[in-house]
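Just below is one structure, and these are the notes that go with it.
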Amino acid sequence: MISSELLQGYSKKSDRQLDLLKCPDCGSLHDEAKLSGSCYECDSHIAHKRYSTQATVDYAICSNCSSEVLYTRDNEIGERWEVPGYYCRNCTTILEVKSNGQFVQPEQFLNNSQGSGFEVQAVNSERTKTVAEMFSWSTKVEGVGFWSYQPDSHRVWLASLNNCYCGFVTLDDNDKLIQIWTDPGVRRQDVATMLLEYICETVLPADGELWMNKPTDQGKELFKSLIDSDDKIFGRKVEDKYVRKAIRL
Ligand SMILES: [Zn+2]
Ligand SMILES: [Zn+2]
């Protein structure tokens, strides 16, 4: 169901014994060929043969670009994007995410028990926060040009359909709409519309207006289909005449 190219996981996984560099300071293993000199974990200088060691590591074939990805520190997603797992450095698809001590593929991680219909859930746990980071990551390739989710200043709600997270909406501290995104696999099922309806009816203050960023072309299409003759979307006046004009063009 999920079809974003950055959430495709792996097609095959196995293990292999090979020579790796072992950091003398933190013990993490690195792929010798790809290491540029410093340990990604602790910054120690380790590009030297005497740190070479034999180890058995998992590796997987990326479903999206068929690259071989070793499960070493080099291919961990890392703290920057707050997703515990491994990704393909070639195309950045996420191969696996760590969940309850086990690694699972993205689609499995996105499975939940929210029910078969459309459901909305606020990001309020480690798991939902990781989902928001994964989705925010996915919007990057679609030319949005920024990483939507900033945990310190944004609030995020996740859409769920058929027991699987499939989209999100982001508001900033001032209730301004920052982004709506849905996975291409669930497009044309009104997920974005229902997310927007949820925000307008449940989250915005009683007499609040709808403030939004400059919409993308896809956003314009969505808002144009929803705005009425009073410049309202789900009963909320679209503030900012430039945005209104952009929607109507
Ligand atoms: Zn280290
Ligand atoms: Zn890849």
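Whatever order the structure lists them in is the order used to number ligands and atoms, beginning at 1.
- Ser153 and Asp173 share no side-chain donor-acceptor pair at under 3.5 Å.
- Enclosure of atom NZ in Lys13 by more than 12 non-hydrogen atoms of other residues, nucleotides or ligands within 6.0 angstrom is indicated.
- Remark: the Asn64 side chain and the Thr93 side chain contain no N/O donor-acceptor pair separated by less than 3.5 Å.
- At a cut-off of 2.8 Å, measuring from the Zn ion (ligand 2), the protein N, O or S atoms that fall short of it are Cys62 SG, Cys65 SG, Cys88 SG, Cys91 SG, waters left aside.
- The one candidate from Val69, Asp31, Leu95 that meets the side-chain contact (heavy atoms from CB on, under 4.5 Å) condition with Asn75 is Val69.
- Near the Zn ion (ligand 1), less than 2.8 Å away, sit the protein N, O or S atoms Cys23 SG, Cys26 SG, Cys39 SG, Cys42 SG.
- A donor-acceptor pair is defined here as one N or O able to donate and one able to accept, closer than 3.5 Å; no such pair exists between the side chain of Arg73 and the backbone of Ser28.
- Here the rule is side-chain contact (heavy atoms from CB on, under 4.5 Å) with Leu177, and of Leu196, Asp172, Thr170, Asn213 only Leu196 fits it.
- A salt bridge links Arg248 with Asp231: the distance from a Lys NZ or Arg NE/NH1/NH2 to an Asp or Glu carboxylate oxygen falls below 4.0 Å.
- Phe135 meets the ring pair (Phe, Tyr, Trp, His ring centres under 6.0 Å) test with Trp181; sequence neighbours excluded.
- Partners of Phe109 under the ring pair (Phe, Tyr, Trp, His ring centres under 6.0 Å) rule, at least two apart in sequence or in another chain, do not exist in this structure.
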